[in-house]
Amino acid sequence: MIANASFRWVSVPLAAALTQLYEFTLTVYLPKAADARGCFMISTAVLEAMDDDEIRGLLRAAVTEFDRLVSARLLHARQIGEPPETSDPATLATIATAVVHTLAIRARAGESRKTLMAIAAAAVTMICGSASTAARTRRRSAART
């Protein structure tokens, strides 16, 4: 999904990149001219993976690759001073992608775009910290160079 998206992923601050990711997913999950569709992988493949080894393998590969892409972006962010150095990019990536999964499920269940964006915004704050925390981290990082 990220590889095919038309948003700037690396050239913006992490909070903006994650917000763009969540906004992009919601344009897919909640199309304006159709019923909420959620995500095929989360809505269907997860159920079928229980009984089908091939689907389970494809699902595992997709989840792993999505986590890897987000983890790489988080590692880049940490290298430039956001989020805090003590954060673990792989763990934060798992949380960030789990939010995409919950957006898919909740979109399919009929949650409003406004509610889903509030969930996404809370996740961005949880992952990136508040604006004041991010500013302190950037100042500390700049002071070291």
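Index from 1, following the sequence. Hydrogens, waters and symmetry mates are skipped; everything else that's a heavy atom, side chains included, is used.
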Working to the nearest 0.5 angstrom, can you tell me the gap between [X] [atom1] and [Y] [atom2]?
X      : Y      : atom1 : atom2 : answer
Met117 : Leu103 : CE    : CG    : 8.5 Å
Leu75  : Ile80  : CG    : CD1   : 10.5 Å
Asp67  : Thr97  : CG    : OG1   : 3.5 Å
His101 : Ile105 : NE2   : CD1   : 8.5 Å
Thr44  : Arg108 : OG1   : CZ    : 5.5 Å
Thr19  : Leu14  : OG1   : CG    : 9.0 Å

Between [X] and [Y], which heavy-atom pair has the shortest distance, and what is it?
X     : Y      : value
Cys39 : Ala104 : CB-CB, 3.5 Å
Leu18 : Cys128 : CD1-SG, 3.9 Å
Leu59 : Ala45  : CD2-O, 4.2 Å
Pro13 : Arg73  : C-NH2, 3.5 Å

Problem set entry | The single option from Asp52, Asp51, Asp53 passing side chain to side chain contact (heavy atoms under 4.5 Å, CB included) against Ile55 | Asp52

So do [Y] and [X] actually touch side chain to side chain, heavy atoms under 4.5 Å?
X      : Y      : answer
Thr115 : Arg106 : no
Val100 : Phe24  : no
Leu74  : Arg78  : no

For this session: Walk me through it: do Val63 and Met41 pass the test side-chain contact (heavy atoms from CB on, under 4.5 Å)?
Result: CA-CA 9 Å; Val63 169; Met41 181 181 75; 4.1 Å; yes

Tell me whether [Y] is reachable from [X] by hopping between hydrophobic residues (I, L, V, M, F, W, Y) whose side-chain heavy atoms are closer than 4.5 Å.
X      : Y      : value
Val70  : Ile42  : no
Leu26  : Ile127 : yes
Ile119 : Phe66  : yes
Met126 : Leu92  : yes
Ile95  : Leu116 : yes

For this session: Output yes when a side-chain donor or acceptor of Tyr22 lies under 3.5 Å from a complementary backbone atom of Ala96, and no otherwise.
Result: yes

Exercise. So, Thr125 side chain and Ala121 main chain: donor-acceptor pair closer than 3.5 Å or not?
Worked result: yes

